[in-house]
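Some notes on the structure that comes next.
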Amino acid sequence: MTGLTATARDRIVTEISAALGDVLDYDLPELTEDSRLFDELGLDSTGVFEMLMRLEESLDIEFDTDSLEMAHFASVRSLADFIASEMGA
């Protein structure tokens, strides 16, 4: 885990969950950090863009699109790790 506090990490995971629910437009089953964004949840490339915009707004962060990699979107955990690193943790 990064240097982020547990509370800050929980907030990131909560915001990811909320953004995914909005983008996918359905209630997510029990989302865990191991939930796979594309394989299990059905996220697609258009959804990634929309989700990132929502996360930028809710977390008051701006992502460097040059640093984005598909691996960041493998699971909720990998996305949360990426966001934590972008927040400087």
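If you're wondering where the values come from, they're calculated on a predicted model, not measured in any experiment.
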What pair of heavy atoms forms the shortest contact from [X] to [Y], and how long is it?
X: A71; Y: S78; answer: O-OG, 3.3 Å
X: R9; Y: E33; answer: NH2-OE1, 2.7 Å
X: L55; Y: F63; answer: CB-CE1, 4.1 Å
X: F38; Y: L43; answer: CD2-O, 2.7 Å
X: E15; Y: L59; answer: CG-CD2, 3.6 Å
X: E86; Y: E62; answer: OE1-O, 4.3 Å

I'd like a table of donor-acceptor pairs (distance under 3.5 Å, sequence neighbours excluded) in which one partner is a side-chain atom from residues 16-29, with atom names and distances.
unit_1	atom_1	unit_2	atom_2	d
D22	OD2	R54	NH1	3.3
Y26	OH	L41	O	2.6

* Donor-acceptor contact present, side-chain S35 to main-chain L31, <3.5 Å ->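 Checking the backbone N and O of L31 against the side chain of S35, no donor-acceptor pair under 3.5 Å is found.
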* Any side-chain heavy atom of R11 sitting closer than 4.5 Å to one from T7? ->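 They are not in contact (no side-chain heavy atoms under 4.5 Å apart), so the answer is no.
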* Asked: Under a 4.5 Å cut-off applied to non-hydrogen side-chain atoms, are L68 and L52 in contact?
  -> yes
* Pair L79-M51, side chain to side chain contact (heavy atoms under 4.5 Å, CB included): steps then yes or no -> CA-CA 11 Å; L79 182 55; M51 180 181 62; 3.6 Å; yes
* Any pair counted as salt bridge (Lys or Arg N to Asp or Glu O under 4.0 Å), so long as it reaches residues 36-46, sequence neighbours left out -> R36-D39
* Asked: How far apart are the C-alpha atoms of V76 and L37, what are their side-chain angles, what is the distance that settles it, and do they pass the side chain to side chain contact (heavy atoms under 4.5 Å, CB included) test?
  -> CA-CA 7 Å; V76 172; L37 302 180; 3.9 Å; yes
* Asked: Should F49 and M70 be regarded as members of a common hydrophobic cluster, given that ILVMFWY residues are connected when their side-chain heavy atoms come within less than 4.5 Å of each other, either directly or indirectly?
  ->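 Different clusters: F49 never reaches M70 through Ile, Leu, Val, Met, Phe, Trp or Tyr contacts under 4.5 Å.
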* Asked: Would a hydrophobic clustering, with Ile, Leu, Val, Met, Phe, Trp and Tyr connected at side-chain separations under 4.5 Å, put M53 with I61?
  -> no
* Asked: When you look at I12 and M87, which way does the side chain to side chain contact (heavy atoms under 4.5 Å, CB included) test go after all the steps?
  -> CA-CA 10 Å; I12 290 171; M87 295 176 85; 3.7 Å; yes
* Asked: Can you name the side-chain contact (heavy atoms from CB on, under 4.5 Å) partners of D60, sequence neighbours left out?
  ->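 Partners of D60 under the side-chain contact (heavy atoms from CB on, under 4.5 Å) test: none.
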* To do: Mind running side chain to side chain contact (heavy atoms under 4.5 Å, CB included) on F82 and E69 for me, showing each step along the way?
  => CA-CA 10 Å; F82 169 71; E69 299 175 11; over 6 Å; no
